[in-house]
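Quick note: numbers below take in every heavy atom, side chains included, and nothing from hydrogens, waters or symmetry partners. Not measured: the values here are computed from a predicted model. Starting from 1, each residue takes its place in the sequence as its number.
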Amino acid sequence: MRNGAARASTNNESTETTSLLNANTANSTSNGQLAESYRTAVMSPSTAELFQQAGIPYSDTNDDTTANNEDDDEEQQPLTDDNDSTKQEQQPLPPGSRPPTVNEFYFSPDNPSVQRYYRFTSTALTPIAALHRRPQNPYDPNHAANNNNAGVTGLLRRSAVVPSHGTDATGDWILVSVGGRSGWARKQTPSQPHAGSFTPAPTFAATEGWMGNHAFLCHGKVMLGSDAPSLIFTNGLLLLGAFFHFWIVLPNLAVTVLHQQEQQQQQQGTSSETSPNGYTYTYDSSQHQNRFTSWLLLLSPNTMFWSSLVLFLLSWIFLWISACMDPGILPAVSSPIKAPIPNDGIPLGGPVGYRYCSTCNIFRPPRSKHCNSCNVCVSKFDHHCPWVGNCIGERNHRFFFVFLVSIAALTILVTACTVRLLLEAYYETAVFDENGVEQTTTGTTNNHNYGGGPWDAKELAAIAKRLWKAVRSMPFTVLFGSFTLLCAWSLVSLLCFHAMIISVAQTTNERVRGVYRYGGASNAADQGCWRNWIHAFWSKRPVSRLPLDFSDIVNVDYATLPESPWLGEETTLAASNSQSNMGGGANHHHPQPSSTRV
């Protein structure tokens, strides 16, 4: 009995699909008529006679309170549930509710003209697919004239699954779309199996239908930006720096501090020597060991190790969060029908208005931008970071800022460790003159420095010679410290810049373009410094408009959905509006695919 209900629902969907694409026959069956037709199809008179012969009461009335209709109600219940779930899927996702499923994403109510999905496979014989302005029919007597006007609207250069919106009169050509670019492509047919490169895709992975330049890991469970190789390079650089710091710099620092403590215990007090020019030189043997006991006390090996470990883990974790999180992508609408103009009071154009993106076929909201690297529009676009490999936008900017704080503090800490090692080597290095007398810069005599005056030529020469000898004793540490110093300088500068734009509630894109400086527009998002910081880090993140998991596989039963000819934009919109007014929703004609996990 439930199989009969499923067949009735399938036939109803097929009927509604045909009525949607034919404007003259756009009529839908009401819920009461559908239930009545279902009862007539399933409960035939012969079935009623069988019930009476078996002694079971049977009635064909619609009274739900009658006990005679319990079996009938059980048969109708799945049909009612399916209808309610279909209506629920047809409703647009309210803000802050949940991310869409793969089913809702590829059969969105924002794109009601989608009929099927076709797969293009790039091979050595057909590396690209051309999308034509009109179908090419060599048997048409006007083929030569039509061929002159049939240009190429675009090229598909990689394997992908694209939506189709109808066929031509012959049924050999389909109208496909890639974002805002549409064209006619030849499909493979039983009569001409090698004529085209597009085949129906009743089953396709969710990653195959994604039109962005993103990279997927773990069969689609992890989505990275377009610069995924740069992210791998950033991870390698971070891990290599951590290896040098934990296995070379910190052990040397621990040995140096231990040696310093031993010298402090062995050598106490002062000693007097006579310099070559006759001055009496008083030398404190523990002075250079004790000069670090004030501000460098925090740079003990134990403190440095745990601080470095915490900062490294924070940097690595927030790097991957920023790279894997959806920055606020606005899904493209692959359709030959131009997106409708928003009617919410926000103006079109200008620095703070809607702008139409011809690549994605959407009106992107204010403060959004199309990223040419990822080939998607991003809400509240800040910038595309090649080190993270992803766009920085509305949903991941706060995590990117924490990553900047962590990595900047880590590079400063590593630089401080290398500087302390260099200073320790400097004060431990002995420099002798041509007479074999040790030259030092820590002695005093009659309130004058050694050499007869403050910072004279001999003094500077001794400092330079001593410093060069210390550098030569640890060349790798000096090079590593110089690199981390440059990284710390650039990261701190970038961190200060992002702190500044957070304080004024702007994005990097807006700041660089001078939207509020030269555009003459006021920043409605600026609520004051403290409120801007609170909103940036403690406000609720918008819900992603993408599925949480692209590892799902979409299964569509095309046997219940015959293809219809493309009747034009106006006819399709009229049929879609008629279907919406009858309560079916803009997406009621879509098949309901099932999703399975890879």
Side-chain angles (χ1 to χ4, degrees), residues 106-107 111 113-140 142-216 219-220 226 228-229 332-336 358-361 372-376 550 553-556 558-559 561-566 593 598:
Y106 283 104
F107 295 91
N111 196 0
S113 63
V114 175
Q115 293 187 15
R116 291 186 177 184
Y117 278 87
Y118 278 81
R119 175 180 286 107
F120 167 72
T121 303
S122 179
T123 61
L125 296 177
T126 56
I128 60 175
L131 304 182
H132 300 273
R133 194 177 303 275
R134 64 179 66 250
Q136 303 295 302
N137 187 5
Y139 302 102
D140 188 0
N142 298 325
H143 170 69
N146 293 335
N147 192 27
N148 296 330
N149 299 326
V152 176
T153 61
L155 297 175
L156 191 58
R157 302 178 183 273
R158 61 182 176 92
S159 300
V161 173
V162 295
S164 68
H165 310 277
T167 65
D168 67 338
T170 63
D172 295 336
W173 289 78
I174 53 175
L175 180 62
V176 298
S177 299
V178 182
R181 183 166 295 179
S182 302
W184 292 90
R186 192 175 186 85
K187 67 175 183 179
Q188 291 185 3
T189 58
S191 59
Q192 297 178 340
H194 304 291
S197 302
F198 286 83
T199 58
T203 300
F204 62 93
T207 55
E208 293 183 278
W210 179 250
M211 290 293 101
N213 296 332
H214 295 73
F216 293 93
H219 301 285
S226 59
V333 178
S334 297
S335 174
S358 59
T359 304
C360 298
N361 190 26
N372 293 325
S373 179
C374 293
N375 195 32
V376 291
F550 273 87
I553 292 181
V554 181
N555 296 318
V556 187
Y558 288 154
L561 185 66
E563 278 188 302
S564 301
W566 170 252
V598 173

Can the ring centres of Y558 and Y117 be said to be less than 6.0 Å apart?
no

Main-chain N/O of [Y] paired to [X] side chain as donor or acceptor, under 3.5 Å:
X    : Y    : value
S226 : N213 : no
Q115 : H165 : yes
S182 : S177 : no

Using every non-hydrogen atom in the two residues, find where [X] and [Y] come nearest and quote the distance to one decimal.
X    : Y    : result
Y118 : P200 : CD2-N, 3.4 Å
L131 : G183 : CB-CA, 3.8 Å
S335 : N361 : O-ND2, 3.4 Å
W173 : R186 : NE1-NH1, 3.0 Å

Evaluate the criterion side-chain contact (heavy atoms from CB on, under 4.5 Å) for residue pair V556 and R116; output intermediate values, then yes/no.
CA-CA 9 Å; V556 187; R116 291 186 177 184; over 6 Å; no

If the test is side-chain contact (heavy atoms from CB on, under 4.5 Å), which one of I174, T167, D168, L175 qualifies with W566?
L175

Can you list everything that forms a side-chain contact (heavy atoms from CB on, under 4.5 Å) with A206? Sequence neighbours excluded, please.
V102, Y106, F550

As an exercise, state the distance from CD1 of I553 to OG1 of T207, rounded to the nearest 0.5 Å.
8.5 Å

Stepwise side-chain contact (heavy atoms from CB on, under 4.5 Å) check, F198 with L156:
CA-CA 11 Å; F198 286 83; L156 191 58; 4.2 Å; yes

[X]: partners by side-chain hydrogen bond (donor to acceptor under 3.5 Å, both in side chains), with sequence neighbours left out:
X    : answer
N375 : H370
W210 : H214
S164 : none
S159 : none

For R181, what residues pass the salt bridge (Lys or Arg N to Asp or Glu O under 4.0 Å) criterion, not counting sequence neighbours?
none

Under the side-chain contact (heavy atoms from CB on, under 4.5 Å) rule, what do F107 and V554 come out as? Steps first, then yes or no, please.
CA-CA 10 Å; F107 295 91; V554 181; 4.2 Å; yes

Relative to F204, does R119 satisfy both conditions: NZ or CZ under 6.0 angstrom from the six-membered ring centre, and within 45 degrees of the ring's axis?
no

Assess whether side-chain contact (heavy atoms from CB on, under 4.5 Å) is satisfied between H132 and T153, documenting all intermediate values.
CA-CA 6 Å; H132 300 273; T153 61; over 6 Å; no

So with a 6.0 Å cut-off around CZ of R157, is the heavy-atom count from everything else above 12?
no

